Amino acid sequence: MTGKDAGSPGTTAGDTGGSTPGPPAGFPLSLQLAGITRRVRDAVDTRLAGDGLSLRHLGVLGHLAASPGLSISELARRAGISAPSMLATIRELEAGGLVERTTPNGRGNTAQLRLTGAGRTARATALAALAALDDLLLADFSPGQRDALAAVLRDLAAALMKPPPAA
């Protein structure tokens with residue numbers, strides 16, 4: 001096997017360097033998605049790091065843009081992480097002047113938060129950088145293919161949010 005990972009786009013577990021791109025028919029989609037996701041996540045992390053942000057930071061900025069006044073506890077629940085981990089993230093965003101508390105100090109995890117002007121600007125800049133990344137990653141896709149991919153990804157995300165069937 002080459003230095004490529006099995007399941008990454010354009011590779012298979014038995015990759016012999018043949019001319020057929022991508023995995024063979026019947027290769028598990030979950031493995032293909034895992035490889036694609038890792039590579040896209042790396043690209044996203046690199047783009048966001050250029051602006052001093054992480055994906056977690058951008059998630060918080062997005063939640064607060066949509067719902068100002070959320071608490072640290074609510075943000076942690078939405079992100080699926082512990083309140084102490086979210087508190088560390090909030091402190092980083094506060095230190096950067098991107099988020100501020102709208103309640104007095106001492107409220108702990110119930111403190112209400114909102115974006116600052118700098119936070120709104122940082123979010124917009126990050127989203128523009130990620131839109132440019134989309135253009136780069138999907139340069140060979142037609143608008144119809146992009147729309148179809150977006151629809152499939154929305155459907156997949158919705159399916160993954162459903163509770164698992166009872167055993």
Side-chain angles (χ1 to χ4, degrees), residues 3-11 23 28-102 108-141 143 145-164:
K4 300 177 188 176
D5 295 326
S8 296
T11 65
L29 287 175
S30 57
L31 191 55
Q32 293 178 59
L33 286 170
I36 292 166
T37 300
R38 184 182 67 249
R39 289 175 181 224
V40 171
R41 175 68 188 259
D42 289 348
V44 167
D45 288 344
T46 298
R47 291 289 172 118
L48 293 177
D51 292 321
L53 295 175
S54 68
L55 194 53
R56 185 177 291 179
H57 291 143
L58 184 57
V60 169
L61 297 178
H63 283 301
L64 290 176
S67 303
L70 291 175
S71 68
I72 294 168
S73 296
E74 178 59 20
L75 286 166
R77 187 190 65 75
R78 290 181 181 199
I81 63 172
S82 69
S85 291
M86 182 55 72
L87 178 58
T89 300
I90 295 303
R91 286 182 175 155
E92 292 168 357
L93 292 169
E94 285 177 316
L98 305 180
V99 169
E100 64 187 2
R101 295 171 193 245
T102 60
N109 291 343
T110 62
Q112 293 181 334
L113 304 162
R114 71 175 176 202
L115 294 181
T116 63
R120 285 187 290 280
T121 299
R123 180 175 178 269
T125 299
L127 292 176
L130 295 181
L133 178 60
D134 288 352
D135 289 342
L136 178 67
L137 293 174
L138 303 174
D140 293 337
F141 286 57
Q145 287 174 311
R146 288 179 183 215
D147 291 345
L149 177 60
V152 168
L153 291 175
R154 277 191 303 273
D155 290 348
L156 178 59
L160 292 173
M161 298 300 277
K162 292 180 184 176

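Both backbone and side-chain heavy atoms feed into the values below; hydrogens, waters and symmetry mates do not. Just so it is clear, the model here is predicted, and its values are computed rather than measured.
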Discussion item. Side chain to side chain contact (heavy atoms under 4.5 Å, CB included), that's the test. Do V40 and L137 meet it? Break it down for me.
Written reply: CA-CA 9 Å; V40 171; L137 293 174; 4.3 Å; yes

Worksheet item: Mind checking what makes side-chain hydrogen bond (donor to acceptor under 3.5 Å, both in side chains) contact with R47, not counting sequence neighbours?
Response: none

Which atom pairs, donor and acceptor, lie under 3.5 Å between side-chain atoms of residues 50-58 and protein residues at least two apart or in another chain?
from	atom 1	to	atom 2	distance (Å)
S54	OG	R56	N	3.3
S54	OG	H57	N	3.1
S54	OG	H57	ND1	3.1
H57	ND1	S54	N	3.0
H57	NE2	E92	OE1	2.6

Discussion item. Using the side-chain contact (heavy atoms from CB on, under 4.5 Å) criterion, which residues pair with P28? Sequence neighbours excluded.
Written reply: S30, L31

Discussion item. Once rounded to the nearest 0.5 Å, what's the spacing between atom CD of E94 and atom CG of L87?
Written reply: 8.0 Å

Discussion item. Any heavy-atom pair between the side chains of R123 and L98 that's under 4.5 Å?
Written reply: no

Item to complete: Looking only at non-hydrogen atoms, find the nearest pair between I72 and M86 and report the distance.
Response: O-CG, 3.6 Å

Fill in: Within residues 111-121 or reaching into it, pairs that qualify as salt bridge (Lys or Arg N to Asp or Glu O under 4.0 Å) - sequence neighbours excluded
E100-R114

Fill in: Atom pair OG/CD of S67 and Q112 - distance to nearest 0.5 Å
12.0 Å

Practice prompt. Check the pair D42 / R38 against salt bridge (charged side-chain N to carboxylate O under 4.0 Å, His left out), numbers first and verdict last.
Written response: CA-CA 6 Å; D42 289 348; R38 184 182 67 249; 5.1 Å; no

Fill in: side chain to side chain contact (heavy atoms under 4.5 Å, CB included) between L48 and L130, worked out
CA-CA 8 Å; L48 293 177; L130 295 181; 4.2 Å; yes

Worksheet entry | Contact summary for G97 and A118, nearest pair of heavy atoms | O-CB, 3.6 Å

Response to the item:
Only one of L75, L115, L113 passes side chain to side chain contact (heavy atoms under 4.5 Å, CB included) with H63, and that residue is L75

Practice prompt. If a pair satisfies side chain to side chain donor-acceptor pair (under 3.5 Å) and one of its residues is in residues 75-89, list it, with sequence neighbours excluded.
Written response: E74-R77, E74-R78, S82-S85

Worksheet item: Please, which pairs that meet salt bridge (Lys or Arg N to Asp or Glu O under 4.0 Å) have at least one residue in residues 128-140, sequence neighbours excluded?
Response: D135-R146

